[in-house]
Amino acid sequence: MKRVLAMIVSVALCGAVLYGLWKVLIEGRGPRTVYQVQGTCPPCTSGWAMNNHGEVAGVITVQPENGAGEPSTHASVWAPGVETTDLGTFGGTESQAQDINDAGQVVGIADLPQVQTSNPFTGPTSDGFIWGRDVGMQRMTPLVGIREIEGISPVGINNRGQVVGCATFRRQEGYHAFFWDPQDGIENLGTLGGKYSCAVDLNDRGQVIGNSDMPGSTAESVPHAFLWEAGKGMQDLGTLGGVRSYARAINNAGQIVGSSTTVDGALHAFLWEDASAITDLGTLGGKSSSAMGINEAGLVVGDSSLPGDLKSRPFLWDTVAGMRDLHDLIDPEDALGKRVILKLPRRINNRGQILVDGEVPAEMRENSVILSPVQKP
């Protein structure tokens, strides 16, 4: 009787396996994610950052009003289907946006009016800014305390309006990473022992990442990626066995991505997670790669060289599929996607949209491109 039951169970299991294989062959593997080019920004020279609404902060090319002279670049905000907003300057020639949060606040740097004087030192020629739709462009130096700061360059802003970047503080050699809170003011984050440091991103928990010179750095900078937290200070994230590492982005889970040199001197993309060692994300077959952005789902974007190292490609990385060439994930039915050559990815937001530098050879132009994920059977 036991043999008969065992045989029945075995037949049933085989039948289930065969049925599963039949479903895969007949019905496919279920929905798959592909990417479509949602929009390009013809006025944009480059997009540097994107929020979770798909708004892009970067720069646009501005022609002189009288038609004479060289064009300049201005900080801008753009989204598909929305007219590009020129954020202007502080009266000078150029400006550049660095980051944008979900409220549409933008940080960057802008030129001040040129001062005609015979004095070789005329004071600062630019200042960091924070821009909002209701208040316009505000100078950062007066906001953070002009007595403490000689120069400031904001790089990142979170959804709480906190700002990070690098600044030169009075009575200090070199520039240091800073953290600024609208209520609590500015804090000098120091370094990992060298003269220079700069913060590049922060999350909504107030965790700050950046890069700092190591002790003994002289003519040739030897930076390491760092994580700074209030009450804990600056933590060295280490390397992948080489001498340098560079942090690029952090999500609200505290996952950090960037790039680091390996033992053999190659540059590889990395992922760092709380209380774990730094992880090598590999390459697309070449010697080098670099991670540029990460979202809350842990999806990572960056670029990597291909076998032979003559070309590089943008990549999407996840824990299941690993590193994949973004070109291979473009919807084959997307007409615009067929015309665009994707270059360096900048950010990936929580909707899965990817901001990429793109080139449209047929139109001889380079633009920022937003890729949006869609589900296909």
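All heavy atoms count here, side chains included; hydrogens, waters and symmetry mates do not.
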[X] (side chain) donor-acceptor with [Y] (main chain) under 3.5 angstrom:
{"X": "N52", "Y": "N350", "value": "yes"}
{"X": "S289", "Y": "G282", "value": "yes"}
{"X": "R160", "Y": "D204", "value": "yes"}
{"X": "T89", "Y": "A110", "value": "no"}
{"X": "Q172", "Y": "G174", "value": "yes"}
{"X": "R133", "Y": "A103", "value": "yes"}
{"X": "S260", "Y": "R244", "value": "yes"}
{"X": "S245", "Y": "G238", "value": "yes"}
{"X": "S259", "Y": "L267", "value": "no"}
{"X": "D99", "Y": "I157", "value": "yes"}

Exercise: do T93 and D111 side chains pair donor with acceptor under 3.5 Å: no
Distance-only polar pair, side chains of Q36 and D334, donor-acceptor under 3.5 Å: no
So which atom in [X] and which in [Y] form the shortest heavy-atom distance, rounded to 0.1 Å?
{"X": "W78", "Y": "V82", "value": "CD1-O, 3.7 Å"}
{"X": "I186", "Y": "I149", "value": "CD1-CD1, 3.8 Å"}
{"X": "A247", "Y": "N211", "value": "N-OD1, 2.7 Å"}

With rounding to the nearest 0.5 Å, note down the distance linking [atom1] in [X] to [atom2] in [Y].
{"X": "L202", "Y": "E229", "atom1": "CG", "atom2": "CD", "result": "12.0 Å"}
{"X": "N159", "Y": "N252", "atom1": "CG", "atom2": "CG", "result": "7.5 Å"}
{"X": "N158", "Y": "D102", "atom1": "CG", "atom2": "CG", "result": "10.0 Å"}
{"X": "W131", "Y": "I100", "atom1": "CH2", "atom2": "CD1", "result": "7.5 Å"}
{"X": "I209", "Y": "Y246", "atom1": "CD1", "atom2": "OH", "result": "14.5 Å"}

I152 side chain near D127 side chain, heavy-atom distance below 4.5 Å: yes
S288 and T283, any side-chain heavy atoms less than 4.5 Å apart: no
Qualifying residue, where the test is side-chain contact (heavy atoms from CB on, under 4.5 Å) with W272 and the options are V257, I250, L227: L227
Any residue meeting ring-ring contact (aromatic ring centres under 6.0 Å, His included) with W180, in chain and number order, not counting sequence neighbours: none
D318 with R324: basic N within carboxylate O range, under 4.0 Å: yes
Ion pair check, R346 and D357, cut-off under 4.0 Å: yes
Partner set under side-chain contact (heavy atoms from CB on, under 4.5 Å) for T262, not counting sequence neighbours: L240, D264, A266, H268, D280
side-chain contact (heavy atoms from CB on, under 4.5 Å) partners for Q96, two or more places apart: W48, V59, Q98
More than 12 heavy atoms of other groups within 6.0 Å of E173 CD: no
Mutual orientation of the aromatic rings belonging to Y175 and Y196 [parallel < 30°, tilted 30-60°, perpendicular > 60°]: tilted
Step-by-step side chain to side chain donor-acceptor pair (under 3.5 Å) determination, H327 to D325: CA-CA 5 Å; H327 287 95; D325 188 333; 3.2 Å; yes
